[in-house]
Chemist: 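One structure coming up, written as structure tokens, with questions to follow.
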Amino acid sequence: MRDENFYLNSRAGHWYYYRWVPQYARDLDHRRLVRMSLKTRAIVIARKRRDRLAAADNEYWSALLTLHAEDIAKEKLQSLKDRVEKRYKAAR
């Protein structure tokens with residue numbers, strides 16, 4: 001069973017969201033570690049806030065990968081267009 005307090009760390013009675021940036025996103029996200037105060041001493045509230053932050057980080061990293069993939073695809077498409085254009089001009 002997964003620890004119900006994953007991504008949570010307590011310091012001096014206050015809860016913090018504490019999460020490493022996944023390996024697949026490290027080239028795109030300049031942060032190595034995400035740390036944020038949850039501004040609460042109550043574990044129940046901390047878990048709810050953690051869940052929202054974890055979901056937001058997952059969406060952010062997914063969007064980064066999607067945008068990066070789109071950039072790569074655009075570069076490849078442009079490269080192919082350039083090659084076709086060069087061949088077309090050479091055939092004239």
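The chain is numbered in sequence order, starting from 1. Bear in mind that the values here come from a model prediction, so they are computed numbers and not experimental data.
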Chemist: Should L33 and L38 be counted in the same cluster of Ile, Leu, Val, Met, Phe, Trp and Tyr side chains packed under 4.5 Å apart?
Modeler: no
Chemist: Decide yes or no on side-chain hydrogen bond (donor to acceptor under 3.5 Å, both in side chains) for Y17 and D57, but give the supporting numbers first.
Modeler: CA-CA 11 Å; Y17 175 69; D57 277 340; 2.7 Å; yes
Chemist: I want to check something: taking the side chain as every heavy atom from C-beta on, are L67 and E70 in contact at a cut-off of under 4.5 Å?
Modeler: yes
Chemist: CZ/R19 to CZ/R35 distance, rounded to the nearest 0.5 angstrom?
Modeler: 15.5 Å
Chemist: Is it true that F6 and V44 fall in one hydrophobic cluster, defined by side-chain heavy atoms closer than 4.5 Å?
Modeler: yes
Chemist: Using every non-hydrogen atom in the two residues, find where R32 and W20 come nearest and quote the distance to one decimal.
Modeler: O-CE3, 3.2 Å
Chemist: Please evaluate residues Y24 and L65 with respect to the criterion side chain to side chain contact (heavy atoms under 4.5 Å, CB included), reporting the C-alpha separation (whole Å), side-chain torsions for both, the decisive distance (0.1 Å), and the verdict.
Modeler: CA-CA 9 Å; Y24 65 85; L65 291 174; 3.2 Å; yes
Chemist: Within the structure provided, determine whether I43 and W15 are in side-chain contact (heavy-atom separation under 4.5 Å).
Modeler: yes
Chemist: Nearest 0.5 Å, what's the CG-CG distance between L28 and L64?
Modeler: 5.5 Å
Chemist: In Å and rounded to the nearest 0.5 Å, what is the CG to CG distance from L8 to D3?
Modeler: 8.5 Å
Chemist: Just by distance, do the side chain of S79 and the backbone of E75 share a donor-acceptor pair under 3.5 Å?
Modeler: no
Chemist: Quick one: side-chain hydrogen bond (donor to acceptor under 3.5 Å, both in side chains) partners of Q23, sequence neighbours excluded?
Modeler: R26
Chemist: So, taking the atom named CD in E4 and the one named CZ in R50, what distance separates them when rounded to the nearest 0.5 Å?
Modeler: 8.0 Å
Chemist: Are any non-hydrogen side-chain atoms of Y60 and D29 less than 4.5 angstrom apart?
Modeler: yes
Chemist: What I'd like to find out is whether the side chain of P22 reaches to under 4.5 Å of the side chain of W61, using heavy atoms alone.
Modeler: yes
Chemist: Using the rule given for side chain to side chain contact (heavy atoms under 4.5 Å, CB included), can you reason through V21 versus V34, listing the C-alpha separation, both sets of side-chain angles and the distance that settles it, and then say yes or no?
Modeler: CA-CA 7 Å; V21 174; V34 179; 4.1 Å; yes
Chemist: Rounded at 0.5 Å granularity, tell me how far OH in Y18 sits from CG in L53.
Modeler: 15.5 Å
Chemist: Heavy-atom count check: over 12 atoms from other residues, nucleotides or ligands less than 6.0 Å from D27 CG?
Modeler: no
Chemist: Mind checking the CG-NZ spacing from L77 to K81? Nearest 0.5 Å is all I need.
Modeler: 4.5 Å
